[in-house]
Every structure is written in C-alpha cells, then in structure tokens.
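Worksheet: the structure to be examined is printed underneath.
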Amino acid sequence: MEYQFRAIEKKWQTIWQEKKAYKVSNESTKPKAYVLDMFPYPSGAGLHVGHPLGYIASDIYSRYKRLKGFNVLHPMGYDAFGLPAEQYAIEHGVHPTKSTYDNINNFRKQLDNIGFCFDWDREVKTCDASYYKWTQWIFLQLFNSYFDKQQSKARPIDILETAFEKQGNANHICPADASLSFTANDWKAYSEKEKQTILMQYRLAFCGYGEVNWCAALGTVLANDEVINGFSERGGHPVEKKKLRQWYLRITEYADRLLSGLDTIQFSEAMKEMQSNWIGRSEGAEIDFAIQGHAGSLKVYTTRPDTIFGVDFMVVAPEHTLIESITPNTHKAAVAEYIGYVKSRSERERISEKKITGCFTGAYVTNPFNNALIPVWISEYVLAGYGTGAIMAVPCGDDRDFKFAQHFNIPITNIIGAAFNGEEANPTKEGILSNSDFLNGMVQKKAIAIVTQKLEAMGIGKSKINYRMRDAAFSRQRYWGEPFPIKWKDGIAYPLAEKELPLLLPTVDNYSPGPEGEGPLANIASWKAEHYETNTMPGFAGSSWYFLRYMDTANDTEFCSRKASDYWGQVDLYIGGTEHAVGHLLYSRMWTKVLFDLGHIGFDEPFKKLLNQGMIQGSSRFVYRIRGTQKFVSSGLKHAHEVDALHVDVNIVDGVELDTAAFTKWKPDYAKAEFILEDGKYICGVEVEKMSKSKFNTVNPDDLVEKYGADTFRMYEMFLGPVEQSKPWDTKGIEGVHRFLKKCWRLFFDEIKGKVWVDEAPTAAELKVLHKAIKKIEEDTERYSFNTAVSSFMICVNELADLNCHKKEILSPLVILLTPYAPHFAEELWQVLGMKGLVVDAAYPVFDAQYVMETAKEYPISINGKLRANILIALDASEDEVRAIVLDNEVVKKWVEDKPIKKLIFVKGKMVNIVI
RNA sequence: GCCUUGGUGGUGGAACUGGUAGACACGCAGGACUUAAAAUCCUGUGGGCCGCAACGCCCGUGCGGGUUCGAUUCCCGCCUGAGGCACCA
C-alpha cells in the first residue's frame, strides 16, 4: 500500500470538519494559549506560496500547544477594507463588496487546502457591518476621551468638561496648544461652538487640518509611494501639497507608554529599536530668537542648547508661517521660487535628498546672549511637522549643518576648540566650550541645563520633550472603509449614539472622489443631507483591534465581553511580517492601551510575543528578445545583440531552462517566437524580486498541494529555512520532503507485503533514536526553529529505517511528534496503528534522558587551534586523565614533537586544545 | 539620506551560550534493480595540493583589520542584498 496523500488529506479534512475538531471553547480547565497570525488582505491575486509561511508556523505551534495540553485559540479572518478593491471598482465597475467577498471565498478555499486548524466559527471580516459596528464604537470611545497627563491614562471627556467648569484648564495643559489658557468663568461664557472647538483639542480622536499630497487631475490624495518627482505614479499628473480637514488619533499622548511598554513584551530587539526610533523621544529646549526689525520671534527646537554660541544660521521649513512676513521684498522672488520647487517634492524625497538646496530669506534673528545677527534660511530638509519647524544650525557640531554651511559659504564659528578640525562636524557632548561667553571652559553636556535655565529665567525658552512621531492621520478620502459615526452641524462634530451603530456604508454608483478633496461619500445626496462625515477610516482601523473580536466573535451587544478577554488575555504568539513594524503594531498597541484605560479590557499590551516571518521572494526568469524581432536569444549569448529582457512565467521554466514549446503557447504574441539556443538549450536570466503577479514569478500553493499533498507542502515551507528569514522561493527541493514522508510511510507499509508494523518490544538503540528525536523536535518547536525540526524528523526516520524498526511502541510516539507538521499523515497512521480517538487530541510524548545517555565522546583534539586528531575518551574522565590520554596519542606526539606545552585547554564534553 | 536586517559549497540551509564549519535536503556524477521508464536503494560530492590508494597537508563562512588558546559567532571599518520611512497592505 503506497502513500496516497490526496485521498488521505481529503478524508481527514472531512472528518475534522464533521467532528468540529478545531472548535475552541471559552470555557476550559486547561491553561490557555492564543496563537495568532496577522490576518491577510484578500487580494484578487489569491494566495501565493509566501502567504502560508507564517500560517503554517502558527499552525504547527498551535497544534503543538494543544498536544501539550493547552486550550488553544487559533483564529483567522480578513482585513477586508482597503484601496485595491476600490481601485478595482473604479477600473472595472465591480462593487468592492462583491470583489472582496469573491476574493475571500477564494482565499478560504486555498487555506482549507493546506489543512489548518483554524476555528472558522470565529472568522472576522473587517468590512462586515457586524464587525465595523464595533470599530465605530471604539472610535467613539477615542472621540469621547482625553489623555489625562497626571494619571497618564485616557479618561472620559465629560470629566474634563466638569473640571473646566470648576477650574478652567489650569490643571489640564492642552496637548494641541500648550499656550491655551482659560478660567472657569471663561469656560462658562464660551458658546457651544467655542467649547466644542476647545474639547476637540483634547480628544484622542480629533479633527484638524493637515497637509496631504494632492493630485488635482485625479481629484485624490496620494501616498508618498505614489508620487514620483512631483508627479503621480498613475497618469503622471502634477501633485501638490494641500491642506485638508482630517481626523487624527492623538497617539503622541501615548508615546511614553508605548516606549515603556516595550520592556514588558517579547519583541525582537530590532523591532523594539524600530519602534522606539519611530517614536523618537528627545529631550531638548525650545528657544525664541528675536527677529530683526520684526515684532515676532522665531521659535526653534534643539536638543543642544549648549551650542547656542555656535549658531551660524537658522533653517526654517519652507511651509513655516513666518516666512511670508519676515522676508524682505528684495528676497521675495527667490524665496517664492524655492517654495515652488519644494511644493512639488514628497516628504520622502525631501529627507533623502543628497543634494543640498536652500534659500536665504534676507531676514536675521539675534542671538539672545550676544546679540549677534544670525541669517535665516529655508531648506527642504527641515520639515514643518517636526518640532517647531525651525532649527538653529551649528555647523561645527552637526554634520548636516556643516555641509549646508560649506555649500552656501556661510562662515563657521568654532566653539569646541581642537575638537573641531574644520574638515567635518563633531557632534560630541564632551567638548570643552570656547567662544561661548559665560560657558567658556565648561564641558558641553554640563552646559545644556545651564543654558536652558538661563533661557527660562529670561522668559525666552524652556526645556521640552519632543517626539519624532506625529499624531496618526485617521481619515481617508475614500469609499471602501468604515464610515465615521459623526454628524456635522454648524461646524461642530457630533458623535452618533451607540444605539445608532452601525452606521452602514451606503451603496454608491460612482467611486470617484467627491468635490474639494472630499471622499466619494460626498457624492451621495442622502448622505450629505444627513450631514454625515464624508471621510472614511483608514485601513488600520479594523486591524487595530481584531485580536479582541476573535475572543467573542458572535457577541452583538459588546465588542468583546470582559469575561472573554479576561479568559484569553494577551496574544501569546503573534506571527507576521516586519513591514508592519511601525504601523499596525503601534496602532494596535495604542488602541489596547485606551481600551485598558477605560476599563474595557484587563491588559494594556496586546501581544506578549511577536515572531516576524521573513518575506518569500519570487525568483523571476527572463527571456531576451532581439529588439524589433521575434527572435529570443539564450542568456549566455545575449550580449552579442541589442535585447529587451522580458519576464517569463516561472512555471514554464525548469530551473533556468525554458520549455520553448510551452513558451510559444503561453501568450499569442510569442506564437511565432524563434530561439537562438546555447548547447541546444534556451537558458533564462534570473533575478530575485518581490513575488507579484505582474512579474510572473508567483507560485500557487494549490498546484503544489495537488502534486505533492498538503503535508509535504507544509513541511517543505518550513524546511526552506528559518521562518524569520527572507528567502527566494524555489520549488526544486520539495521532492526531498516528499521522499521523506514516503520513507516514513514505509516504516508502516511495504508495497508488496502491505502492513509491516509490529507489536514488539523496542531495542535500546531504537529507543535512543526516538528519544533523541523527541528532545530535539520539542526544543526546536519551542524556539520556532521549524526548519531544523524537519531535518530532525528526517534523521530520525533515516535511522529507524537503517535499524529496520517497525515497532508500534516507537512509531506511535513518532506519529504524535509529526502531528503538528504533517497532520493528515499523522492522523491516518494513528488510525492505522489502531490508536483511539484523533491524534490531534493525543498527549505529547515525554522525553526520558535515560535512553540517550552517552558514556564516551569522540573528542576533537586541536593543536594551536587547528584540528589534528579525534580521540574517544570517557565522558567522566578527569582533566588529568584526559591530558595523559591525549599527550600519549601518536598523532598528537607527532605534532607536539618535543616542544614544551604552554597550555592545555579542556572543555568537558566539547574539545581539547593544546598550545605549544 | 535615515532606521532595521541579512551575506556560509553549484542551491536551500545547519552549527542553540566563543569550542570538530558545511548537519539535513536539493542538484550533479557513478552504480544496483527494470525489456524500458517511474519508484526505490547504494556510493561520491567545499576548493586546492601530494599520491596507485590510504594517511595527510594548505586554503576556506562578503572584504580588510582586531580581541582570543580558539571567531560563522565578539569589536572596528568597508562592500553589498532586503524591509520600512507616516494615504499600499
């Protein structure tokens, strides 16, 4: 009987479904484990082999935890709102609801094929009204809350209103405008609109104005990615910065807690580093510089007030509101021209530009300590959104300022003596200050506080903590997203009542943008008539809390009952790509903190442990067409011709050799293709790039499952390498894993004899092989080293085959070990062995060290660090005994000759090194 | 440009805490079985040198330095691939 994987896999998938084998209850006496994947966006291209990598890893871990006696929550769903469905609707007229649900059905079919243990009763789709009702509800919690700085937590906004009525805002500094100040009487005298405008500046979800990349021709806002050199990627239309009304989340209020929370969770150091760099906390000071011949002052933010005497110029962002009024007429034309140039540049281009650009405004400020005149420049590398949008430039201490000064021939003041060599800036804080008046002779880092205090005393500065992170833009001028539960009346935003939720996304005939940068919803007369908000929420809204919904999917009175969230708690293992490092992972952490602060859940970090899966890249193949002909030249000969490289479908290429017959059938264009071969073959070019349909380098898991079975596919994806590592896909090696399963099968069945497994007592050697495997595979699974676990299975089966072992007592624990990795295969063999119940409900075998005891070791003997011999020595030998044995060895004697031995290093159980 | 991360045979990778580099596979070569094929099994396989062979020697983990008895692993500099940089998801 041979290994008929297709029949076996279908059979067990059906049985699992019938028996509800993967249904998970919220009631259990077992300890819980919550194992979660980042849910996919259901794209029209379907699943490619890159998607299941993380899902297989989490599936293995879930099944492993279940065998270890845990009640395991392992759900799946879809992040179903987003731009591609809307784009598709605009281009093809298909409603996003339809295309999204079609895609979901397709994803589901593909996922089912692989045999995952998801509890599908808990499926969530963020575009379902039953789901986004609660996204809207959480938005209202954010809208109706403020961040109390004293308690460092979110609190209901009516507490703040009560406080305002009693004491004004004296104890509640306004996060949006620290200078805002009013008394209780002021507050009482304010109109409703004035009150609401003030409250808006405290809310965690608030409305304001922000700059976006605006493309007038497309009538839409673009991502930085979609803007190339000031023109839209699609269509090549000009793009400009434009101020639009936007919703925001006040995530900056949570900056410190998002930072300190990192200490309580198991993310990789790299991930923590990325998040804290993104948050970018810095301590410094704000300083006001008086403007020459102007009533106002220029406020800058600096982390280095100690360098105040080294300030040679100021740089302000081109968007800075003061520019208009400080620029004298003589410089207006040049400044306007420069601002025009910057307007066409995306933020990305501005900060990554190597070329130094800038423009002198003609204005000067004065140094508050010595009244020196300091010229004011504008340059694109200073961004309006960070700090105060203006910096003081100290060329001797800052690299970018130094290059700027050099480029524009601005004289450089040296305030750190020999520490500055005139060739490059020195950002040290250890320098001894000179040319610095009252600071002369002082170490820089000590001067920071002194300068700040002095500025505070003079009333022109104060210490300030700044964050690089900005508040999160939370509205999109799009259709396919959650409507905001907000009505506008007389310029005031009113939240809908909870019982009015969900506010359903209306059907439209036209997905194109509304007038004046409004979303498509503005095109609907009935929507406008109700004064509903016309923006929708961004893609990250639904994904910021979905892990909570899985705990209590069917609940239609709460987003998730407190009982359910108390039971499941944090996600124990979260698997997904690093591309979400600073987006999704920060937003979901913030939402969790808000829900915790408001008492809706009992933990304030969502993910206890994060595992980042690497990206599976595509390995693209190219053919080379001689320009202007239908002749295709093999890769090795292409240099003799003028050729265009064209992507060719990887599925019609064997390794690098093109199937020329298949190629002529692949596309009608190529029907008449002629080939110039080398050694009788057409060899393709190779490049590793992102897996994408348009590059014809995608590999569909369905085809592989069909050909080799789901279990082979699962193990092969794991065998490719460490889950965390990115690697190009190559189908070639899958045969090896398939052979392994067939070989394993032959421990149970022989093609001719049929059943060969027997009920005999195992030998010591057989038990040793088994227990070695138990130990290694358990350890590897625990540390998510699935690739080495697979190779341990191979070693185990190879050794059992060499021993001719077909004993049930060895094979049945092996089947359990295999269950997480090859569940169908294991289930079938479990039944074959006549074991009770489903193997998914079995108990994990327990390692027993007595079977793997070793008494001696083949020690590697190095001389001066070079391996010269291997000697078998008893493990319990003392160092003196080992020394005697080693020095008596022929090979060792030959190398040592009669030189004195300086040192002998003996590491028990590892190695010996002789130094001569 | 900035942040993060990777680079080991022809290929994917292993070496977990500084201790035998190349486990386990793929591929390739040779052989067995077969009318033939598939399947399966056996042997070899980092590069170089000496050699009939065995034994053995030298080099080798992107490049250049350093620390150490000992470095794929730690430190410094460089080259290079990947991901992210706020409206793609």
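The sequence lines fix the lettering, A, B, ..., with proteins before strands; numbering per chain opens at 1. Only this structure's heavy atoms are used, side chains among them; waters, hydrogens and symmetry mates stay out.
- A perpendicular orientation is assigned to the rings of A/H738 and A/F5, their planes being inclined by more than 60° (bins at 30° and 60°).
- Taking atom C1' in both B/rA38 and B/rG44, the straight-line distance is 24 Å, to the nearest Å.
- Going from the C1' atom of B/rG81 to that of B/rC49 covers 35 Å, rounded to whole Å.
- At a threshold of 4.0 angstrom between heavy atoms, the contacts of A/N213 with the nucleic acid are absent.
- Looking at heavy-atom distances under 4.0 Å, A/M271 makes no contact with the nucleic acid at all.
- Nucleic acid contact for A/S862: none, since no nucleic acid atom lies under 4.0 Å from a heavy atom of the residue.
- The C1' atoms of B/rA54 and B/rC59 are separated by 22 Å, rounded to the nearest whole Å.
- Comparing the same atom, P, in B/rU5 and in B/rC57 gives a spacing of 40 Å after rounding to whole Å.
- Within 4.0 Å (heavy atoms only), A/Q477 reaches at least one base atom of the nucleic acid.
- Counting non-hydrogen atoms under 4.0 angstrom, A/V912 reaches nothing in the nucleic acid.
- Residues A/F740 and A/M715 form a side-chain contact, since some pair of their non-hydrogen atoms from C-beta on lies under 4.5 Å apart.
- A sub-4.0 Å separation between OP1 or OP2 of B/rC26 and a side-chain N or O of A/R739 is present.
- A/N535 contributes no side-chain N or O that, together with a main-chain N or O of A/S475, makes up a donor-acceptor pair within less than 3.5 Å.
- If you take atom P in B/rC26 and the same atom in B/rU40, they sit 10 Å apart, rounded to whole Å.
- Summary of the strand contacts: A/L720 and A/K743 both lie near RNA chain B, and taking for each the nucleotide with the nearest heavy atom, the more 5' one is attributed to A/L720.
- Residue contacts for A/Q87: at a heavy-atom cut-off of 4.0 Å it reaches no nucleic acid atom on any strand shown.
- Side-chain atoms of A/E86 come within 3.5 Å of backbone N or O of A/W480 as a donor-acceptor pair.
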